[in-house]
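Here is the naming used below: chain letters follow the sequence lines, and residue numbers restart at 1 for every chain. The structure presented is a predicted model; accordingly, all values stated were derived computationally and were not measured. Just the heavy atoms: all of them, side chains too, but no hydrogens, waters or symmetry mates, feed the values below.
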Amino acid sequence: MEKLLTKVLLDNATELFGQAVNENSVQFQKTKKEFKGDITLVTFPFVKLMKCSPAEAAQKIGDFLHNKVEHISGFNVVNGFLNLEIAPEYWVDQLRSIDQNERFGLQEADSKPTIMVEYSSPNTNKPLHLGHLRNIFLGYSVAEILKANGHKVVKTQIINDRGIHICKSMLAWERYSPLNERGERETPSNTGLKGDKLVGKYYVEFDKHFNQQAKEFISAWESGDFSSVSTDVENEFKRLSAAKEGKEDPKAIAGLDDKIKDLAKNQTEILKAAKDMLIKWEARDPAVYQLWTTMNGWVYKGFDQTYELMGVDFDKLYYESDTFLLGKDVVMEGLKKGVFYQREDGSVWIDLTSDGLDEKLVLRSDGTAVYMTQDIGTAIDRYKDFPDLDGIIYTVGNEQDYHFKVLFLILKKLGYTWADNCYHLSYGMVDLPTGKMKSREGTVVDADDLMLEVIDKARVMTEERGHIEGMTEEEREALYKMIGLGGLKYYLLKVDPKKRMMFNPEESIELNGNTGPFIQYAHARIQSLLSKAGDIGSFNTVVINEQEQELIKHLSAFPEVIEEAGKMYSPALIANYSFELVKLYNGFYQSIQILSEEDEQLRSFRLHLSKNVGKTINTAMKLIGISVPNRM
RNA sequence: GGUCGCGUAGCUCAGCUGGAUAGAGCAACUGCCUUCUAAGCAGUAGGUCACAGGUUCGAAUCCUGUCGCGAUCACCA
């Protein structure tokens with residue numbers, strides 16, 4: 001309707017305004033609740049052209065549209081705002097066409113270019129935590145939203161399966177894992193621990209010894225004992241300690257203490273051992289490689305379990321161990337082309353100062369790759385893997401904003417025009433009421449624990465309410481899972497992804513208000529209603545009330561919401577839309593009777609309306625990865 | 001210190017490509033289940049949109065500055 005009205009105004013601009021007008025000056029908005037009408041035109045932009053007061057302009061345009069456009073049944077003017085009223089029959093027609101469209105809101109599948117969405121990039125030395133949950137749910141949802149917009153989507157994850165951090169877990173496991181009576185070290189099968197948890201446990205174990213060894217160095221140094229370190233280290237320690245003298249600012253002192261700690265850490269035997277292991281790994285040392293394969297295997301099994309519970313999947317997996325060497329030749333080519341430059345020590349850099357950024361290293365002086373090198377190579381590689389790829393979306397926290405800014409800029413400078421289609425889906429960190437999540441302080445919320453907790457909470461609360469008689473044990477378990485995870489996903493996705501958010505454990509398992517279960521409940525009620533109704537018949541002419549009209553109006557907006565959510569990469573728009581829809585429906589549901597309505601036409605209309613609200617809830621929730629029950 | 005982001009009700013968040021009297025949920029308080037699922041509905045109360053300027057017919061929204069919070073600025077990943 002809005003498009004139609006805009007077109008009518010533009011087509012008749014000369015007659016109305018005396019000259020052609022820019023499309024941007026035609027501003028429609030939803031009519032505010034307190035005024036009569038459905039759609040409102042802001043008339044201020046036309047006042048000058050028409051050389052009259054806003055009220056007169058509105059009156060004139062209102063008269064014109066009223067006569068010209070079929071469904072405009074009336075209008076009123078308030079403060080220069082033209083509130084247009086749309087005939088109820090128009091909305092009834094809208095409902096009919098929504099009803100006939102099984103894929104309401106969705107664009108034709110695969111009608112738009114292919115987009116890759118990378119939405120998980122776990123390290124294999126630690127289990128997944130709450131931050132990963134936001135990341136993964138967000139990326140999964142955006143992938144689904146893009147599909148709904150007609151894009152072909154390749155879901156992917158990059159698995160960080162190599163590097164010093166993995167070696168740390170490996171080393172600690174070899175050194176500190178107790179042997180059982182059969183002489184075996186701990187494994188997932190002989191401990192019953194999930195593989196990622198077991199490996200994570202040894203990463204923590206490494207850190208413990210690591211810190212202990214560093215501490216020993218520092219106390220030795222503080223007592224003047226430098227017997228086990230080089231004079232360079234000795235001098236550096238003395239320099240840092242001297243710098244601390246006389247400093248008042250606790251932050252500055254803490255910074256220096258950190259540097260001292262790093263210095264000590266670098267001297268530890270255990271870190272050196274881990275580094276040796278990494279070198280052996282890179283040389284494909286059979287024993288190290290074997291250990292690496294085994295332990296990563298445990299982790300993947302653990303991750304798979306977590307992903308399954310989360311209800312997410314991937315079309316293509318990338319492993320860093322396969323890709324970490326990529327990009328070097330591209331850098332060498334870029335060097336020849338003059339995109340990069342080489343310093344005396346042989347390291348390769350790019351100067352981005354003219355773009356307002358810094359100089360950035362892309363190859364170390366020893367010729368090895370850095371993170372950036374790898375990312376350049378990997379991106380190019382992905383376009384080789386998927387020749388019809390149009391863009392890549394990287395779902396990564398906003399702490400890496402700078403990295404991606406640089407990455408895309410480099411790709412562009414290297415001449416890859418598709419760099420413009422790469423997008424960093426940057427999301428804000430998740431905070432806890434107690435502050436930031438810090439692994440060192442043990443305040444990290446484990447993904448598995450959290451999911452089991454919300455499911456358990458859903459169980460307790462569902463049993464309390466007792467709508468589950470007659471359900472099998474399996475059905476009940478599925479329901480608890482649906483509600484618990486629905487609540488958690490909704491909680492994490494309802495806020496704007498770009499924003500830092502607060503995770504309140506209490507609120508995340510709430511069932512009332514703006515929550516997943518609230519929306520699921522509405523769906524269950526609708527299904528219950530429909531199953532009691534039997535044949536829902538058909539309707540021709542009905543007189544609908546304001547609530548019904550508002551509901552249809554809101555339903556009609558669904559396709560645009562999906563489109564907007566796709567453009568903004570924002571599941572939050574879908575969540576908020578759904579919440580509004582359910583609030584409107586609940587108001588309607590509670591204020592009228594449906595099954596006992598005597599007017600057959602009206603009864604049928606209301607059932608159709610309910611059915612389509614249910615259908616839309618289902619579609620919308622699927623887009624944010626949430627399933628909806630028929631009973632709860 | 002440079003760069004980027006954020007600051008809206010007691011709490012958590014919408015609204016931000018400028019438009020009417022700034023909206024929800026939670027928490028608090030009032031009502032509503034002999035009637036389709038009360039995980040619901042109706043209502044009351046709660047605001048210097050961090051602060052100060054500027055642009056505009058009109059600013060929570062755009063610009064500048066100040067304050068506060070966060071991130072980032074590695075031959076780490």
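- Here A:Q520 lies out of heavy-atom contact (under 4.0 Å) with every strand.
- Rounding to whole angstrom units, CE of residue A:M621 and C1' of B:rA39 are separated by 15 Å.
- Comparing B:rG7 with B:rC49, their P atoms are spaced 14 Å from each other, to the whole Å.
- Every stem involving RNA chain B, taken as at least 3 paired positions in a row under the Watson-Crick or G-U wobble test at 3.5 Å, is listed here: B:1-7 with B:67-73, B:10-13 with B:23-26, B:28-32 with B:40-44, B:50-54 with B:62-66.
- Residue A:T462 is in base contact, counting any heavy-atom pair closer than 4.0 Å across all strands shown.
- With a glycosidic angle more than 90° from 0, B:rC13 adopts the anti conformation.
- Within 4.0 Å (heavy atoms only), A:R465 reaches at least one base atom of the nucleic acid.
- Of the side-chain N and O atoms in A:S528, one or more sit less than 4.0 angstrom from OP1 or OP2 of B:rU37.
- Side-chain polar atoms of A:N296 and A:D161 form no donor-acceptor pair below 3.5 angstrom.
- Between A:R459 and A:D456 there is a salt bridge, since a side-chain N of the basic residue sits under 4.0 Å from a carboxylate O of the acidic one.
- Nucleic acid contact for A:N125: none, since no nucleic acid atom lies under 4.0 Å from a heavy atom of the residue.
- Contact annotation for A:E399: backbone-only contact, meaning every heavy-atom pair under 4.0 Å involves sugar-phosphate atoms and none involves a base.
- Note on A:I483: a base of the nucleic acid sits closer than 4.0 angstrom, heavy atoms only.
- Sorted by first and then second residue, the ring pair (Phe, Tyr, Trp, His ring centres under 6.0 Å) pairs with a member in residues 34-55 of chain A read A:F17-A:F46, A:F44-A:F81; sequence neighbours excluded.
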